[in-house]
Amino acid sequence: MTLAPDQLLLWAFLTPIIVAVLVAVAGPWRNLRDAISVLGSLATFGFVAMLASEWEDKLVSRTIADFLPGLTLRFSLEPLGLLFAVIASTLWVLSTIYAIGYMRANEEHDQTRFFALFALAIAATLGIAFSGNLLTLFVFYETLTLVTFPLVTHAGTPEAMRAGRTYLGILLSTSILFFFLAMVWTYFEAGTLDFIKGGILNEETGPSVTLVLFLLYMFGIAKTALMPFHRWLPAAMVAPTPVSALLHAVAVVKAGVFAVVKVIVYVLGVERLAGVPGTAIVPVVAGFTIIAASLVALKQANLKRLLAYSTISQLSYVVLSATLLTPISIMGAVLHIAMHAVAKITLFFAAGAVYTAAHKSEIGELDGIGRRMPWTMGAFAVAALSMIGLPPTAGFVSKWVILKGAFDATAWCAVAVLVLSTVLNAAYFLPIVHRAFFRPLSAEAQAHPHGEAPFPSVLALTLTALLTLGLFFFPGEAMKIAEAVATGR
Amino acid sequence: MTLFDPAWIDVAILAFMAIVAFVVALLRSVFASVMLMGIFSLLSATLFVILDAVDVAFTEASVGAGISVVVFLGAMSLIPSPKAHGRTRPLLGALVCIACGALLILGTLDMPTYGDPQAPIHLHVADRYLSESLEATDVPNVVTSVLASYRGYDTLGETTVIFTAAIAVLILIGGSWRDGVKAPARADKETGDA
Amino acid sequence: MEFPGLYNYWIAMVLMMMGLYIVITDPNMVKKIVGLSIFQVSVFVFYISMAKVRGGTAPILDDRFTVYSNPLPHVLILTAIVVGIATTALALALLVRIQAAFGTVDEEAIKALERET
Amino acid sequence: MISTHLPILQVLVPLLAAPVLALLRGRTLSYLVATGFVVVAFLIAIGLTIQVVHTGAVSYAIGNWAPPLGIEYRIDELTVIMLLMVTGIASAVLIGGGQSIAVEIPERRAPLFFALFCLNVAGLIGMTVTGDVFNLFVFLEISSLSTYALVAMGRDRRALTAAYQYLVIGTVGATFYVIGVGLLYMMTGTLNMADLTARVSGVESTLTIKTALAFLFIGLGVKLGMMPVHFWLPNAYAQAPSTVSAFLAGTATKVAVYVMLRIVFGIFGIGIFTSSYLADVVIALGIFAMVAASVSAIFQSDAKRLLAYSSLAQIGYILFALGLATEAGLTAAILHLFNHGLMKATLFLALTAVALRLGRTRLEDFDGLAQAMPATMLAFAVAALSLVGVPLTIGFVSKWYLLAAAFDRDGVLVAAVILGSSLLALLYLWPLVERAYFRKRPAGAPEIEEAPLALILAMWALVAVNVFLGVNSQFTVNLAANAARHLIGAVP
């Protein structure tokens with residue numbers, strides 16, 4: 001069976017939706033339901049993989065609906081979107097496997113609703129990845145917020161509701177107030193919203209308008225968790241761990257930085273932005289976010305909250321790098337989207353595995369746990385190295401390119417920020433690893449023996465850890481894509 | 001202009017009407033206001049005769065001064081005469097009225113003067129009614145022919161308005177309406193609706 | 001400007017505003033309807049004044065006359081009079097029900113009662 | 001050919017239903033008859049739409065008296081949008097509301113209630129299709145009088161005072177309209193809209209014409225719920241029987257806006273509108289309403305009242321867009337006119353279901369409702385999101401055009417205000433959704449079941465239209481844009 005690329009595009013997007021419907025129908029039979037989730041995620045991965053193998057620099061596009069006259073909902077594939085789709089669909093397979101183990105072991109309620117919404121969130125993420133114009137991106141960006149809201153509030157407790165309100169409040173209000181405004185403004189200035197290399201604004205748009213648009217986009221796309229609009233991300237940590245792992249380490253937050261890179265490269269245009277005075281505000285804010293979030297992470301006692309602040313800081317790497325506006329720095333931003341994704345999901349998987357097996361969520365309780373859960377904590381250690389940016393992990397590759405970009409742009413402050421944050425990252429990740437492997441088990445822990453988490457969970461986190469290592473040794477494909485985005489081939 | 005210009009008559013009637021309206025505004029007795037309203041209608045009917053609108057005068061006298069007053073009195077037999085009360089928001093009312101009145105009078109300044117036969121109002125459609133209607137409908141009274149034929153549809157609408165009002169009155173106070181009144185009052189207390 | 005100029009219109013407008021003033025300020029809900037009637041009748045006066053042609057007669061065609069007043073406003077006002085009485089009747093029916101439900105037709109008293117419940 | 005007489009049939013079908021209904025006895029029979037007549041009216045509206053789309057505007061001289069001597073019906077794109085909306089929402093409300101009406105209206109009064117409902121529909125249709133400014137007044141009164149009585153049928157005694165309040169202010173508004181028509185007639189000598197358009201241009205600089213415009217504007221402003229002459233609206237919507245609220249919220253104010261469009265742009269033309277200060281006043285009033293009414297809505301404790309204030313805010317959007325007096329602005333106004341009617345009708349139908357099952361619609365009554373009434377609350381949630389302007393719904397389409405229009409003329413600041421106001425919409429609607437979905441039914445609350453099937457079908461039919469036109473908005477946008485072009489070109 002051979003499908004034309006545009007059909008593949010459509011099928012990759014439709015499969016998760018079909019999965020969601022089937023999961024909802026098959027709810028009462030949980031083995032069938034979970035089998036559907038796994039098979040569906042594999043099928044989606046298959047479609048994306050076929051797209052990746054068949055894709056050859058040609059623009060593939062498919063119109064879904066004539067949304068407004070002159071503006072369509074359209075999918076089209078370019079390297080950055082392909083990269084994002086590959087990451088999302090790969091990690092969906094792994095996190096589905098992980099989630100089945102996690103949800104069953106913790107006897108979570110409303111599992112059917114959970115898996116159905118999970119699949120819908122992936123559909124929205126792929127919609128973002130494939131979007132052929134800004135309007136389509138916006139539509140799926142909003143859909144993703146709405147679909148993930150019930151996942152964040154899954155627990156249904158007052159605390160979860162409060163967190164949910166913060167989540168929805170910040171994401172929706174920034175997107176409506178800034179992102180939407182910027183989009184309509186862009187349409188008004190440019191007459192189109194298509195993604196075109198080098199941007200779509202024409203000569204008549206002055207530098208001040210461009211700057212305002214740039215700022216509206218950067219802060220309107222609050223999924224990047226740029227300060228001061230970062231509070232939704234720690235709030236979202238009340239969700240079950242698989243949600244945090246896939247959505248708040250990969251899909252949702254990466255949708256944010258993905259959109260930022262898209263806007264910079266395909267809407268505003270790197271070269272045009274480079275000529276606009278004042279754009280340096282954003283890297284400054286991003287740099288501040290990197291340092292501030294790292295400092296906050298240092299003080300966290302709860303493992304998931306620590307990971308959330310680490311995510312905030314890592315996302316700002318992408319924003320910082322992208323807004324330095326040189327080809328190398330754009331490349332670094334793109335690479336970091338991928339590299340951070342695999343490592344961060346591993347960390348969340350590990351945190352969830354610890355919670356499932358040992359019922360521990362505080363860092364202080366992890367003494368000696370590495371001896372009981374060697375696979376889990378081993379994977380954690382690999383991912384932590386990647387966060388710091390040490391070889392032989394994926395994080396080293398992207399951080400290296402980002403640093404090179406900063407040198408290229410002669411942004412010495414950025415270099416300083418990067419160095420300082422590496423130190424800070426080490427300061428909050430290494431003690432955890434040290435604690436897990438080199439401290440004796442506490443007396444209380446010795447009284448409650450436990451082993452590894454359920455097999456599906458361990459399998460998933462081991463695979464992602466291997467990916468983290470693998471991307472260090474074989475970064476070629478990712479590099480090629482990043483280069484294509486940055487240089488405009 | 002002479003002292004015996006017939007225009008003086010309508011000036012006088014209008015002045016009378018103003019006095020009546022003023023008294024109604026001041027009066028606290030509802031009954032007396034209704035009676036004066038009838039007189040106001042009668043005065044306007046007289047004015048309409050002078051202004052050549054005999055059909056309107058006849059209708060206004062019978063409907064405005066007659067039926068209307070009867071309807072008021074009928075309703076008031078069911079509504080006890082309430083105690084006198086001061087005015088509410090007199091300042092706001094006065095401001096609104098002065099503003100609207102000033103706007104209206106401003107609006108008249110560019111109007112053709114009263115009775116001007118060259119005003120556009122008399123030259124366009126009206127002229128054609130006067131010249132064509134006899135031939136088309138065979139009725140010498142142009143008001144009747146326009147009412148019944150050219151704008152007969154308005155008359156259908158007018159009948160519908162009366163019909164609507166009749167049904168509305170019937171649904172509100174028709175038949176054993178008092179049952180319907182007590183029921184909601186009780187329901188009100190039961191649900192404790194605030 | 002020849003007498004009476006715009007005098008007819010002006011008085012009609014003053015009458016309208018007096019009616020409107022009663023509607024806005026009188027707390028008695030029956031009296032408000034009286035005000036409404038005065039307002040409407042004044043509008044009728046305004047329309048019929050517009051129809052008048054100097055030296056004209058009632059628009060009943062006859063060989064003896066050549067100048068007639070404008071028949072169209074008469075037609076309109078005939079309709080408007082009927083609409084007016086329909087509105088009045090409906091308003092009074094409502095007031096009968098309000099009297100039965102609240103025991104008063106005083107606006108302020110009813111407002112107080114509504115706040116209570 | 002019957003198709004040539006569709007314009008008159010459109011009005012006569014619901015009009016003739018009334019005397020038939022007044023003679024009937026029994027709830028079921030009168031319900032079926034009324035629904036039948038209204039659905040036929042909807043089919044006629046579809047027929048007229050097809051006719052207009054294929055052959056352009058239709059003119060129908062009543063009794064064969066050629067305009068301007070006789071009364072003319074004129075049906076173009078804008079008209080059919082309104083006709084579809086009025087008859088469509090009337091059909092949905094009647095089909096879905098049968099059980100609710102059975103609970104809220106005593107058996108004895110049911111036939112008269114349905115008669116008034118049909119008269120109301122007929123009045124609104126008459127206002128929509130007529131091409132004569134005085135004939136419009138007559139139909140305005142038909143719809144108004146029936147509305148007053150329908151509002152008074154609410155179960156609470158406050159419904160009576162709400163109806164009275166509406167009657168007084170409504171009659172003042174209608175009388176202002178008549179004054180405006182009088183002044184207009186004085187200067188032009190005609191009542192036919194097309195004829196007026198041609199003749200107004202000769203006298204457009206006179207104060208009289210400007211005063212006429214002001215009075216027509218205020219008179220219609222009362223009817224369409226323009227702040228600050230809006231105060232009848234929250235009471236009327238909150239106290240009327242649920243089905244009546246649903247119908248009114250979806251149609252009555254919208255038809256008044258339509259008439260305003262017709263008169264301000266069709267007759268007076270853009271020149272007078274913008275050269276007088278009226279355009280700026282309208283924009284200011286619109287912005288005021290979208291902020292003030294939204295803020296008021298946040299503090300309401302009853303869902304019906306909350307939605308009523310939300311309607312005032314949405315009217316503010318429409319007025320604002322109308323005040324821009326550009327082609328983009330009018331497109332946005334017409335589009336939002338239609339879209340808002342659809343969304344509000346859905347929301348009020350959902351409230352009808354809630355009122356039917358719980359007897360009240362206070363905010364705390366929504367706790368845990370999504371478990372008991374999943375289909376109802378999902379429809380409510382979708383319509384609520386649509387009102388906020390979430391993509392893939394018509395609300396988003398409206399917002400898009402509103403913003404585009406704002407950019408076109410007034411720039412970023414106003415656009416930001418519009419967006420801020422949609423955030424307020426999120427703020428006042430979200431608590432309802434959250435209560436329904438994420439709270440438990442209070443302990444000891446009575447067991448309730450889902451709304452009756454007919455009501456759910458009616459709601460979901462509107463939701464389906466909402467989402468369909470939200471994803472593929474070509475049809476409505478093109479109709480609205482064409483209509484706007486006609487209005488701007490001063491072709492009525």
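What you see below is based on every heavy atom in this structure, not just the backbone, and it leaves out hydrogens, waters and symmetry mates. Naming convention: chains lettered A, B, ... in sequence-line order (proteins, then strands); numbering from 1 in each chain.
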So do [Y] and [X] actually touch side chain to side chain, heavy atoms under 4.5 Å?
{"X": "C:Q99", "Y": "B:L78", "value": "no"}
{"X": "C:L92", "Y": "B:V71", "value": "yes"}
{"X": "B:F48", "Y": "B:F58", "value": "no"}
{"X": "C:Y7", "Y": "B:Y114", "value": "no"}
{"X": "B:L47", "Y": "B:L14", "value": "yes"}
{"X": "C:T88", "Y": "C:S37", "value": "yes"}
{"X": "B:L73", "Y": "B:F31", "value": "yes"}

Rounded to the nearest 0.5 Å, how far apart are CE of B:M37 and CD1 of C:I22?
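Here the rounded value is 11.0 Å.
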Option in [options] with maximal non-hydrogen atom pairs under 4.5 Å from chain C:
{"options": "B:V139, B:D52, B:L27, B:L36", "result": "B:D52"}
{"options": "B:L91, B:L104, B:D55", "result": "B:L104"}
{"options": "B:D154, B:V24, B:V34", "result": "B:V24"}
{"options": "B:T108, B:T164, B:V161", "result": "B:T108"}
{"options": "B:I121, B:V146, B:V54, B:I162", "result": "B:I121"}

Where does [X] contact chain B at under 4.5 Å (heavy atoms): side chain, backbone, both or neither?
{"X": "C:I48", "answer": "both"}
{"X": "C:Y9", "answer": "side chain"}
{"X": "C:L78", "answer": "both"}
{"X": "C:I38", "answer": "both"}
{"X": "C:F46", "answer": "side chain"}

By a 4.5 Å heavy-atom criterion (distance strictly below it), what part of [X] contacts chain C: side chain, backbone, both, or neither?
{"X": "B:F22", "value": "both"}
{"X": "B:V20", "value": "neither"}
{"X": "B:T159", "value": "neither"}

Under a 4.5 Å cutoff for heavy-atom pairs, which residue among [options] has the most contacts with chain B?
{"options": "C:G103, C:S49, C:A80", "answer": "C:S49"}
{"options": "C:V83, C:I77, C:I98", "answer": "C:V83"}
{"options": "C:L20, C:L90, C:D62, C:T25", "answer": "C:T25"}
{"options": "C:H74, C:M18, C:M16", "answer": "C:H74"}
{"options": "C:I81, C:V14, C:L72", "answer": "C:I81"}
{"options": "C:I33, C:I85, C:L95, C:V67", "answer": "C:I85"}

Using 4.0 Å as the upper bound for N to carboxylate O, is an ion pair formed by C:E107 and B:R89?
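Looking at B:R89 and C:E107, the cut-off is met.
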One thing to verify: whether C:R54 and B:D116 come together as a salt bridge, which I'm taking to mean a side-chain N less than 4.0 angstrom from a carboxylate O.
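Answer for the salt bridge query: no.
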Looking only at heavy atoms, which two atoms of B:D138 and B:P140 are closest? And how far apart?
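Minimum heavy-atom separation between B:D138 and B:P140: O-CD, 3.9 Å.
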Which pair of non-hydrogen atoms, one from B:S44 and one from C:V41, has the smallest distance, and what is that distance?
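Shortest heavy-atom contact: OG-CG1, 3.5 Å.
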